[in-house]
Amino acid sequence: DIVKLITTSSRIIVLSGAGISVSCGIPDFRSHDGMYAKIAQQFPELPDPHAIFDIEYFRDDPHPFFKCAKELFPGQYTPSLSHRFVASLEKRGKLLRNYTQNIDTLEVAAGIQRAVFCHGSFDTATCISCDHCVKGDVLKDDIMNEVGVLQ
């Protein structure tokens with residue numbers, strides 16, 4: 001029984017993906033009305049919706065990436081019950097690690113400190129030319145205004 005396992009365990013690993021954030025209003029990527037479907041409609045010139053995450057396509061046209069980043073940028077969504085559950089595991093000393101595929105940083109908003117962002121996050125941004133790293137908030141205005149101009 002899951003309740004017994006949770007109460008008797010002290011090193012719980014949580015693996016999470018888009019499903020944990022869907023109830024917050026963030027679309028998943030692969031469903032028929034998910035992020036990739038929206039991208040395909042908004043940017044029919046893309047060879048494939050996945051191209052917005054391809055560095056070579058980004059160098060040619062960063063606009064689709066910035067449009068997607070604007071929709072996902074932190075501060076627009078509230079953590080779900082699932083995020084709060086993982087945070088409660090951590091508060092009780094039971095969470096070893098939360099490995100997440102999500103980039104929305106709702107784990108941070110929920111207070112989870114033992115999260116590993118497998119696909120990165122908006123916490124930092126690194127220049128693709130010189131590798132200079134800045135806090136993600138530095139780029140917030142540019143992302144929200146879809147500036148996305150490479151210099």
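- Phe29 has its side chain out of reach of Pro49: every pair of non-hydrogen atoms, C-beta onward, lies at least 4.5 Å apart.
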Q: Given side-chain contact (heavy atoms from CB on, under 4.5 Å), test Ile13 with Tyr99 step by step and report yes or no.
A: CA-CA 8 Å; Ile13 294 175; Tyr99 293 97; 3.8 Å; yes
Q: Take Ile112 and Leu95, measure what side-chain contact (heavy atoms from CB on, under 4.5 Å) needs, and give me the verdict at the end.
A: CA-CA 9 Å; Ile112 302 167; Leu95 183 69; 4.1 Å; yes
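- Considering only heavy atoms from C-beta on, Ile39 comes within 4.5 Å of Met35 through its side chain.
- Looking only at atom types and distance, the side chain of Ser16 has no donor-acceptor partner in the side chain of Asn102 under 3.5 Å away.
- Residues Phe73 and Tyr77 share a hydrophobic cluster, clusters being chains of Ile/Leu/Val/Met/Phe/Trp/Tyr side chains in contact below 4.5 Å.
- Smallest separation of non-hydrogen atoms from Ile128 and Arg59: CD1-NH1, 3.8 Å.
- At a threshold of 4.5 Å between side-chain heavy atoms, the hydrophobic network of Ile, Leu, Val, Met, Phe, Trp and Tyr places Phe65 and Phe122 in one connected group.
- Counting only distance, with no hydrogens or angles, the side chain of Ser21 and the backbone of Cys24 share no donor-acceptor pair below 3.5 Å.
- Side-chain N/O atoms of His50 and Asp48 include a donor and acceptor closer than 3.5 Å.
- Between Pro64 and Lys67 the shortest side-chain heavy-atom distance does not fall below 4.5 Å.
- Under a 3.5 Å cut-off, the side chain of Glu90 and the backbone N or O of Arg114 do form a donor-acceptor pair.
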(Q) Show, in sequence, the C-alpha distance, side-chain angles and deciding distance for Thr126 and His132, and conclude whether the side-chain contact (heavy atoms from CB on, under 4.5 Å) test is met. (A) CA-CA 5 Å; Thr126 304; His132 178 70; over 6 Å; no
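- Using a 4.5 Å heavy-atom threshold, the side chains of Lys94 and Ser88 count as separate.
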